[in-house]
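All remarks here apply to the structure that follows.
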Amino acid sequence: ATMDADGRACEWCEVAQAQVCLNADQAQMAEQFGGSCGDDSQEEVQDAADTTCLMATLQQDETACTSTTDAEGEACSWCAVGNFDLCLNFDQATLAEEFAGGACDQNRSSAAAAKEEEEKVKDPADTTCIVASLQQDESACTATMDADGRACEWCEVAQAQVCLNADQAQMAEQFGGSCG
């Protein structure tokens, strides 16, 4: 079974036309906001938690996205998921295509594919709050808890509204964003 960042079993939920792995508390909250959850086993993804590419989404520019690299140095992919254009890393793009009907321009080197086969990448970043951004609702954002149990924050970054955890909000404020 797929596990969340804290090693708890996932409940796969559909929230705002996206399939996400949520723990039991998050799944219950997602259902309160119109999400539907089930305890299906899904294919494991090695690193969907790197937020580098997701942050590039705020620029709303495909060229800026594809020229951005993730924590592993791989180019990000521009994806159309539902009514949203998102900048995603390879694993996130794979999830978007497999579970949310997304269409992505997958950018991946053969060296990166070989490296991924050899080792699992561990990234402590938490995307729970960023995924809540898809709802584009401040109250849904602030009612969402990150993997550490902290409330997410509604922020404006580069004229875009986005839901971030406390660490991401602090970084956004350092780059001119406003949160709270």
Would the distance check show the side chain of [X] and the main-chain N or O of [Y] forming a donor-acceptor pair, the cut-off being under 3.5 Å?
X	Y	value
Q92	N89	yes
T144	C152	no
E153	C141	no

Exercise. Do you know which two heavy atoms are closest between V157 and A172, and how far apart they sit?
Worked result: CG2-CB, 3.7 Å
For this session: Identify the two heavy atoms, one from A64 and one from S67, that lie closest to each other, and give their separation to 0.1 Å.
Result: O-OG, 3.1 Å
Seminar exercise, completed: Hits for salt bridge (charged side-chain N to carboxylate O under 4.0 Å, His left out) against D167, two or more places apart or cross-chain, chain-then-number order -> R150
Problem set entry | Residues in side chain to side chain contact (heavy atoms under 4.5 Å, CB included) contact with C65, at least two apart in sequence or another chain | C76, W78, C87
For this session: With side chain to side chain contact (heavy atoms under 4.5 Å, CB included) as the test, would you mind laying out the steps for I130 and Q168 before giving the verdict?
Result: CA-CA 9 Å; I130 292 173; Q168 295 159 345; 3.6 Å; yes
Problem set entry | Validation row: M171, L164 side chains within 4.5 angstrom (heavy atoms) | no
Exercise. Name the one of S133, C129, C179 that satisfies side chain to side chain contact (heavy atoms under 4.5 Å, CB included) with V162?
Worked result: S133
For this session: Establish whether W154 and F84 are linked, either directly or via other cluster members, by ILVMFWY side-chain heavy-atom contacts under 4.5 Å.
Result: no
For this session: Could you give me the CA-CA distance, side-chain angles and deciding distance for T128 and N165, then say whether side chain to side chain contact (heavy atoms under 4.5 Å, CB included) is met?
Result: CA-CA 8 Å; T128 307; N165 69 21; over 6 Å; no
Exercise. Any chance the SG atoms on C163 and C155 come in under 2.5 Å?
Worked result: no
For this session: Kindly check if the number of other-residue, nucleotide or ligand heavy atoms within 6.0 Å of CD (Q174) is above 12?
Result: yes
Exercise. Near Q161 CD, under 6.0 Å, is it more than 12 heavy atoms from other residues, nucleotides or ligands?
Worked result: yes
Problem set entry | Separation of C53 SG from D70 CG (nearest 0.5 Å) | 5.0 Å
